[in-house]
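Read through the structure below, which is laid out as structure tokens, and then see the notes.
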Amino acid sequence: MKNILFFFILISAQFGLAQMESLPITEFKSFDSSKEILLDVRTPKEFAEGCIDGALNIDWFSSDFNQQVASIDKDKTIYVYCKKGGRSLKSQHRLKELGFLHVINLEGGYDMWKMSKD
């Protein structure tokens, strides 16, 4: 019985991880704002220093992050990025927990994106 339970938990965990999607930010070209949202989870100061055109800024460190993202349509595809990739990965997990259906982490973050444009 313990082996069956362990097997079920292992399979469930693998299924959950398999649904997490990512894309190198250097491969991100554009998004359709009618069906997709580009979410920048850096601080307002970082965002003011430069961002990807059309991005919505909601600070991961904000105490009301969950409340702010609640206004986003959960059926839209969410592309999420930060400075290097750590906060966006955490945000991706949080958004999935909050019921967002399709969240893609843009790996490498804004710094990598900016370097690819220079």
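Residues: numbered from 1 along the sequence shown. Note that the structure is predicted; figures quoted are calculated from it, not measured.
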**Asked** For Trp113 and Phe28, what are the C-alpha separation, side-chain angles and deciding distance, and is it a ring pair (Phe, Tyr, Trp, His ring centres under 6.0 Å)?
**Response** CA-CA 9 Å; Trp113 181 83; Phe28 178 77; 8.4 Å; no
Taking the basic N atoms (NZ, or NE/NH1/NH2) and the acidic carboxylate oxygens, is any pair closer than 4.0 Å for Lys114 and Glu49? no
For Gly54 and Phe31, the nearest pair of non-hydrogen atoms, with its separation, is O-CZ, 3.5 Å
- Spell out, yes or no, whether Ile58 and Tyr79 are grouped together once hydrophobic residues are joined by side-chain heavy atoms under 4.5 Å, including indirect joins. no
field: Whether over 12 other heavy atoms sit under 6.0 Å from Lys117 NZ
entry: yes
Inset, instruction - Spell out, yes or no, whether Ile37 and Ile52 are grouped together once hydrophobic residues are joined by side-chain heavy atoms under 4.5 Å, including indirect joins. - result: no
Q. Heavy atoms, side chains only, cut-off 4.5 Å: are Asn66 and Leu98 in contact?
A. yes
Closest non-hydrogen contact found for Gly108 with Ile25 is C-CG2, 4.2 Å
OG (Ser88) and CH2 (Trp60) are apart, to the nearest 0.5 Å, by 10.5 Å
Open item on the list: With no hydrogens and no angle check, just 3.5 Å: does a side-chain donor-acceptor pair link Arg42 and Asn57?
Closed with: no
### Verify same cluster id: Leu23, Met20 (apolar side-chain graph, 4.5 Å)
no
Regarding Tyr81 and Asp40, do their side chains bring together a donor and an acceptor under 3.5 Å, going by distance alone?
yes
Taken to the nearest 0.5 Å, the spacing of Gln92 CD from Ser22 OG works out to 7.0 Å
Output for pair (Lys35 NZ, Asp73 CG), nearest 0.5 Å, gives 13.0 Å
_For a 4.5 angstrom cut-off between non-hydrogen side-chain atoms, does Met112 reach Glu107?_
no
Here the gap from Asn105 atom CG to His93 atom NE2, rounded to the nearest 0.5 Å, amounts to 8.0 Å
Practice problem: Start with the C-alpha distance between Glu46 and Arg87, add both sets of side-chain angles, then the distance that settles salt bridge (charged side-chain N to carboxylate O under 4.0 Å, His left out), and finish with yes or no. | Solution: CA-CA 13 Å; Glu46 290 170 313; Arg87 288 175 277 179; 2.9 Å; yes
| query | Are Val41 and Phe61 close enough, and set up right, to give a side chain to side chain contact (heavy atoms under 4.5 Å, CB included), and what steps lead you there? | reply | CA-CA 8 Å; Val41 296; Phe61 295 124; over 6 Å; no
Assess, by modelled atom type and distance only, whether the side chains of His102 and Glu36 contain a donor and an acceptor separated by less than 3.5 Å.
no
| task | Please tell me if the side chains of Val80 and Leu106 come closer than 4.5 Å, counting only heavy atoms from C-beta onward. | result | no
The reported gap from CG in Leu38 to OG in Ser30 (rounded to nearest 0.5 angstrom) is 10.5 Å
Does the side chain of Ile72 reach to within under 4.5 Å of the side chain of Phe100, using non-hydrogen atoms?
yes
Next item on the list: Would you mind reporting whether Ile104 and Ile78 have side-chain heavy atoms less than 4.5 Å apart?
Entry: no
Closest heavy-atom pair, Phe47 versus Ala55, reported as atoms and distance to 0.1 Å, is CZ-O, 3.6 Å
Checklist line | Side chains of Asp59 and Thr43, donor plus acceptor under 3.5 Å | finding: no
> Does the ring of Tyr110 carry Lys83 above it, NZ/CZ under 6.0 angstrom from centre and within 45° of its axis?
Replying inline: no
Between Lys76 and Ser34 the two heavy atoms that sit nearest each other are CE-O, 3.5 Å
Tell me whether the count of non-hydrogen atoms from other residues, nucleotides or ligands lying under 6.0 Å of CG in Asp64 goes above 12. yes
